[in-house]
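Just so you know, these numbers come straight off a predicted model, no measurement behind them.
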Amino acid sequence: MLVGIVAVGAAGCVQGGASGSRHKLYDSLDSLARDSSAIVVGSVTDQREESSARFTSTVSTVEVTNTPAGPGLGENLDAASAQVAVGDVIQVRQDGVDPSVLQPGQEYLLYLTPSMLSGEEAAHFFITGAVAGAYLREGDDFRRVAADSGDDLPDTIEIAGAKR
């Protein structure tokens, strides 16, 4: 299903979260989409921690309910955009010691990039821009989960066709 994404500027309280250090900050949803292989709306149904000698990851299981279209989706990626469809169950990884911005039982709009890991983890995704590409559903809209990420992105996004 292809539906459009409409950015809506809105004032108000937004959940905050530290973003850490990144080499790229985003100034538009189009630039976020160009660095993303998929855009999905879905609910976190499960979450687990995985540890290795180098770091700890939180892996969230997300059931996809919508796959909005984004201008230039995956344009800046070397590989073709990952095909994610409504009804798919995907794994979204977050690395680091900070708590995950994704929480079980919540619905999100996520801009995703391939994990580039090996084995089974090759099918996993990361949130584009660490936290920049994560929006939490609030009623009929989605709000940025990390307003203090340094990105110049809309605080609120409305997805055409994703009304409750």
Side-chain angles (χ1 to χ4, degrees), residues 5-52 54-68 70-77 81-82 84 90-117 121 123-139 141-159 162:
I5 297 177
V6 179
V8 178
C13 183
V14 177
Q15 265 187 344
S19 66
S21 175
R22 291 186 279 135
H23 72 281
K24 181 173 186 177
L25 296 176
Y26 291 93
D27 62 359
S28 70
L29 293 176
D30 289 346
S31 66
L32 194 63
R34 284 191 294 275
D35 285 352
S36 300
S37 63
I39 303 171
V40 303
V41 173
S43 295
V44 176
T45 60
D46 193 27
Q47 203 167 59
R48 67 185 184 279
E49 269 192 22
E50 292 183 358
S51 295
S52 71
R54 293 182 24 227
F55 54 86
T56 298
S57 298
T58 300
V59 182
S60 299
T61 300
V62 177
E63 289 184 5
V64 177
T65 57
N66 197 341
T67 54
L73 182 63
E75 197 171 89
N76 292 341
L77 301 178
S81 293
V84 178
I90 62 173
Q91 305 298 309
V92 179
R93 303 180 70 85
Q94 292 179 265
D95 292 339
V97 295
D98 293 333
S100 173
V101 299
L102 304 180
Q103 299 300 316
Q106 298 293 319
E107 186 177 23
Y108 296 89
L109 167 67
L110 300 171
Y111 288 75
L112 301 171
T113 57
S115 71
M116 308 296 273
L117 299 171
E121 296 169 345
H124 292 189
F125 294 91
F126 285 108
I127 298 169
T128 305
V131 293
Y135 284 76
L136 174 66
R137 182 182 281 277
E138 287 187 358
D141 298 327
F142 293 87
R143 288 192 169 271
R144 286 177 67 188
V145 298
D148 63 349
S149 67
D151 300 283
D152 187 18
L153 296 169
D155 288 337
T156 305
I157 297 175
E158 178 184 293
I159 305 295

So, does [X] use its side chain to make a donor-acceptor pair with the main chain of [Y] at under 3.5 Å?
{"X": "S115", "Y": "E121", "value": "yes"}
{"X": "D152", "Y": "D27", "value": "no"}
{"X": "S36", "Y": "Y111", "value": "no"}
{"X": "R137", "Y": "G139", "value": "yes"}
{"X": "Y108", "Y": "Q103", "value": "yes"}

Nearest 0.5 Å, what's the [atom1]-[atom2] distance between [X] and [Y]?
{"X": "D30", "Y": "L73", "atom1": "CG", "atom2": "CG", "value": "11.0 Å"}
{"X": "H124", "Y": "T113", "atom1": "NE2", "atom2": "OG1", "value": "13.5 Å"}
{"X": "I127", "Y": "Q94", "atom1": "CD1", "atom2": "CD", "value": "4.0 Å"}
{"X": "D35", "Y": "L77", "atom1": "CG", "atom2": "CG", "value": "6.5 Å"}
{"X": "F125", "Y": "R93", "atom1": "CZ", "atom2": "CZ", "value": "12.5 Å"}
{"X": "L102", "Y": "T58", "atom1": "CG", "atom2": "OG1", "value": "9.0 Å"}

Measure across [X] and [Y] and return the closest heavy-atom pair with its distance rounded to 0.1 Å.
{"X": "V84", "Y": "A38", "result": "CG2-CB, 3.9 Å"}
{"X": "T128", "Y": "Y26", "result": "CG2-OH, 3.6 Å"}
{"X": "T56", "Y": "S51", "result": "OG1-OG, 3.4 Å"}
{"X": "V62", "Y": "L110", "result": "CG2-CD1, 4.4 Å"}
{"X": "T67", "Y": "V64", "result": "CG2-CG1, 3.8 Å"}
{"X": "V131", "Y": "A146", "result": "CG2-CB, 3.6 Å"}

Worked verdict on I90 versus L112 for side chain to side chain contact (heavy atoms under 4.5 Å, CB included): CA-CA 11 Å; I90 62 173; L112 301 171; 3.6 Å; yes

Hey, are the side chains of R48 and V59 touching, using non-hydrogen atoms and a 4.5 Å cut-off?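 In contact.
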
Is any side-chain heavy atom of S57 less than 4.5 Å from a side-chain heavy atom of F126?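 No, their side chains stay 4.5 Å or more apart.
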
In sequence, state the C-alpha distance, the side-chain angles, and the governing distance for R144 and S149, and then conclude on side chain to side chain contact (heavy atoms under 4.5 Å, CB included). CA-CA 10 Å; R144 286 177 67 188; S149 67; 2.7 Å; yes

Would you please say whether a donor-acceptor pair under 3.5 Å links the side chains of S43 and E107?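 Short answer, no.
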
Checking side-chain polar atoms at under 3.5 Å, does T61 have a donor or acceptor matched by the opposite partner on Q91?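 Looking only at side-chain atoms, Q91 and T61 do form a donor-acceptor pair, the distance falling under 3.5 Å.
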
